[in-house]
Colleague: 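Got a structure for you, questions after.
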Amino acid sequence: MTDAPDDSLVVQEETFGPVLPVFKVKDLDEGIVRANQSRYGLGSSVWTKDLAKARKAADRLQAGNVWINSLHIGYDEMPFGGVKYSGFGREHGPEALEYYLETKGVVIATS
Amino acid sequence: MTQMIIAGEWRNAEDGATTEILNPATGEVVDSVPAATESDVLRAIDAAESAFKGWSAIPPARRAEVLYTAAHKLKEREKVLAKLLSQEQGKPMREAILEIRRFIHTIEHYAGLAKTIRGGYVPALDERRYGMIIKRPIGVCGSIVPWNFPLSLLGNKLGPALVAGNTVVVKPAGTTPLTDIQAVSILNEAGLPPGVLNITPGSGRAVGETLVRDSRVRKIGFTGSTPVGKHIMEAAAQTVKRVTLELGGSDPMIVCDDADIEEAVSAASVGRFFNCGQACLAIKRLYVFDTIFDEFVERLLGKILKLKVGNGLEQGVIVGPLHTASQRQEIEDQVADAVQHGAKVLTGGKRPEGGEYAKGNFYLPTLLVNVDEKSKVVTEETFGPVLPIMRVRDLDEGIEKANNSIYGLGSSVWTRDLDRATHAAERLEAGYTWINSPQIIFDELPFGGWKESGVGKEHGSEALDYYMETKSVVVARPE
């Protein structure tokens, strides 16, 4: 669908089915601002051949994961997890182990 | 009156309300501060939100320069700040100066970590696809600080938050806002852009609740009691906020039969009676091997009888007053409960008598033996100068009893045997274990509790991780 208003449910909520709203944006800045206008922050992606644009999107998209010119594929090599209302903690990557261990500081005094 | 700081400006509360700050040793008024309303806090969050974009874009090393400048200014004002801290909190001058220095060290520690912030790179996830793991600041952070170490515990939150590029709204404790306001003022003066660091003193209801519930605040760093920590965690869940919670503790100390008794006695005394026992990290349960029990207790008693109790500003005072009357009441209730369960009071167990003592919330350093494990001094956190001492047969019994607590903050063991020391370090359920050492916090090691003592770490290089988000970036290249 096109022309979905920003306050409609397909924009505000998570749509868990075969529905895709498509929006027109003037430039990358507007794209990022609108992409970030969500309580969610799980995945995101940007398609461009321009290095500066790719770098800006990777930095500024509020999401735990950004794909550049790529499908959203999860890799065991990379930590996966959301920001904002999409969650906390990470699975995958060596980072995931940290979330299943407690860290203890031990100080030993020697004579 | 000392005003609060929002967006780099000194301000009164919107409705003009103020709170008087009293000296716990004399009951005299030290100063007053604004009692921030909800709309004042919202204004501070607005300021922190607007400042985030600029501050997070500055390179970490340059953010650190501001902290170094602030550390320098703090050193110059060390004595004035220490006196103010002693007056509002009650702690002896000697301990107040240590706390100012600790704050400076912590600020410098995090400034030093600024250049170590780095991410990761995965060369080939797939053909023509590589990965980067980058770190980004979280956003607006709320820092909620208690009254026992108002300044050093503020540093543990400000340091990592600011270096990582976050902006902050501080809620100081209701009874100890003065030194914190001065510290925030010095950091602003050192060059923080307006709005990066704000401070709004006031009630938990007006200030704390607003910070915890506002969806723009993305992280809460809190040090305080376990019940309040649980409330914050629950409230933070409504907006899926990140939390670092440094909560209560009931640290066990185990003294084996091969320990250096002199050193262990001294560590038990300092570990329990520093800051009049009002510390999350303090020796709160002492387990001593049967065979050395009597000798150990006799030596400890000799030491405790020499501790001078009085006004923190007086020369030679080691133990100041409890911070508030209700704090003393809680200690009195816990001791009464222990006695009811059969405990014997070796010394203390009451308020000191005579002239000056009547003006403040004083309580004598107290040692208890024959303590029932079901009494409150064992099962609850005791936030005052009271130490229960229990007999154990061996290390296994000591560890088992030490672990029989909802808390898991600090712990210590005294032995000359390497295997015993290793066994204890591995098996004590706590975020920190000291071996043959007083419980001293080092910036170099991560600090944070297990079980109901908290979530997340402060200090170490680990603290920074709790003020940054990790982002995975996958880049595909053309064929």
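Here is the naming used below: chain letters follow the sequence lines, and residue numbers restart at 1 for every chain. These values consider heavy atoms only, across backbone and side chains, with no hydrogens, waters or symmetry-generated copies.
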Colleague: B:Val473 versus A:Ile68: any side-chain heavy-atom pair under 4.5 Å?
Modeller: yes
Colleague: Picking from A:Ser86, A:Gly87, A:Gly82, which has the most non-hydrogen pairs under 4.5 angstrom with chain B?
Modeller: A:Gly87
Colleague: If you draw a 6.0 Å radius around NZ in B:Lys135, do more than 12 non-hydrogen atoms from other residues or ligands fall strictly inside?
Modeller: yes
Colleague: Quick one: what part of B:Leu445 sits under 4.5 Å from any heavy atom of chain A, side chain, backbone, both or neither?
Modeller: side chain
Colleague: Taking side chain as everything from C-beta outward and backbone as N, CA, C, O, which of these in A:Tyr85 sits under 4.5 Å from a heavy atom of chain B? Side chain, backbone, both or neither.
Modeller: both
Colleague: Using non-hydrogen atoms only, which part of A:Ala54 is less than 4.5 Å away from chain B: side chain, backbone, both, or neither?
Modeller: neither
Colleague: In terms of heavy-atom contacts, does CZ of B:Arg477 have more than 12 from other residues, nucleotides or ligands at under 6.0 Å?
Modeller: no
Colleague: Looking at chain A, which one of B:Val475, B:Asp126, B:Val240 has the largest number of heavy-atom pairs inside 4.5 Å, strictly under?
Modeller: B:Val240
Colleague: Is it the case that over 12 heavy atoms from other parts of the model lie below 6.0 angstrom from the CG atom of A:Asp3?
Modeller: no
Colleague: Side chain from CB out, backbone as N, CA, C, O: work out which of these in A:Asp59 comes under 4.5 Å of a heavy atom of chain B, or both, or neither.
Modeller: both
Colleague: For B:Leu125, is it the side chain, the backbone, both, or neither that has a heavy atom closer than 4.5 Å to a heavy atom of chain A?
Modeller: both
Colleague: Is the shortest side-chain heavy-atom distance between B:Asn436 and A:Ile108 below 4.5 Å?
Modeller: no
Colleague: Do the non-hydrogen side-chain atoms of B:Val243 and A:Phe88 ever get within less than 4.5 Å of each other?
Modeller: no
Colleague: Any side chain to side chain donor-acceptor pair (under 3.5 Å) pairs touching residues 454-463 of chain B, not counting sequence neighbours?
Modeller: B:Asn156-B:Glu458, B:Asn156-B:His459, B:Lys157-B:Glu458, B:Asp443-B:His459
Colleague: Could you walk me through whether B:Thr433 and A:Lys104 pass the side-chain contact (heavy atoms from CB on, under 4.5 Å) test, one step at a time?
Modeller: CA-CA 7 Å; B:Thr433 299; A:Lys104 181 194 277 195; 3.2 Å; yes
Colleague: Quick one: does B:Arg129's side chain have a donor or acceptor within less than 3.5 Å of a partner on A:Ser70's backbone?
Modeller: no
Colleague: Would you say A:Arg90 and B:Thr470 are linked by a side-chain donor-acceptor pair, where the criterion is simply a distance under 3.5 Å?
Modeller: no
Colleague: Can you check whether B:Ser472's main-chain N or O pairs, donor with acceptor, with A:Trp67's side chain at less than 3.5 Å?
Modeller: no
Colleague: Quick one: does B:Lys471's side chain get under 4.5 Å of A:Leu61's, heavy atoms only?
Modeller: yes
Colleague: Tell me which of these, B:Gly431, B:Pro446, B:Ser437, has more heavy-atom pairs under 4.5 Å with chain A than the rest.
Modeller: B:Gly431
Colleague: Can you see which heavy atom on A:Met78 is nearest to which on B:Met132, and at what distance?
Modeller: CE-O, 3.4 Å
Colleague: For B:Phe447, which atoms come within 4.5 Å of any heavy atom of chain A: side chain, backbone, both, or neither?
Modeller: neither
Colleague: Are there residues of residues 408-430 of chain B whose heavy atoms fall under 4.5 Å of chain A's heavy atoms? If so, which?
Modeller: B:Ala424, B:Ala425, B:Glu426, B:Leu428, B:Ala430
Colleague: Please lay out, stage by stage, how A:Val106 and B:Ile435 fare under the test side-chain contact (heavy atoms from CB on, under 4.5 Å).
Modeller: CA-CA 7 Å; A:Val106 179; B:Ile435 295 170; 3.9 Å; yes
Colleague: Look at A:Glu102, A:Glu77, A:Arg60 and state which one has the largest set of heavy-atom pairs under 4.5 Å with chain B.
Modeller: A:Glu102
Colleague: For the residue pair B:Tyr432 and A:Val107, establish whether any side-chain heavy-atom pair is separated by less than 4.5 Å.
Modeller: yes
Colleague: Which region of B:Val122, side chain (C-beta onward) or backbone (N, CA, C, O), has a non-hydrogen atom less than 4.5 Å from a non-hydrogen atom of chain A, or is it both or neither?
Modeller: side chain
Colleague: Give, for atom CD1 of B:Ile133 and atom CD of A:Glu95, the distance between the pair rounded to the nearest 0.5 Å.
Modeller: 5.0 Å
Colleague: Heavy atoms only, distances under 4.5 angstrom: which of A:Thr103, A:Val46, A:Leu71, A:Thr110 has the most pairs with chain B? Name it, please.
Modeller: A:Thr103
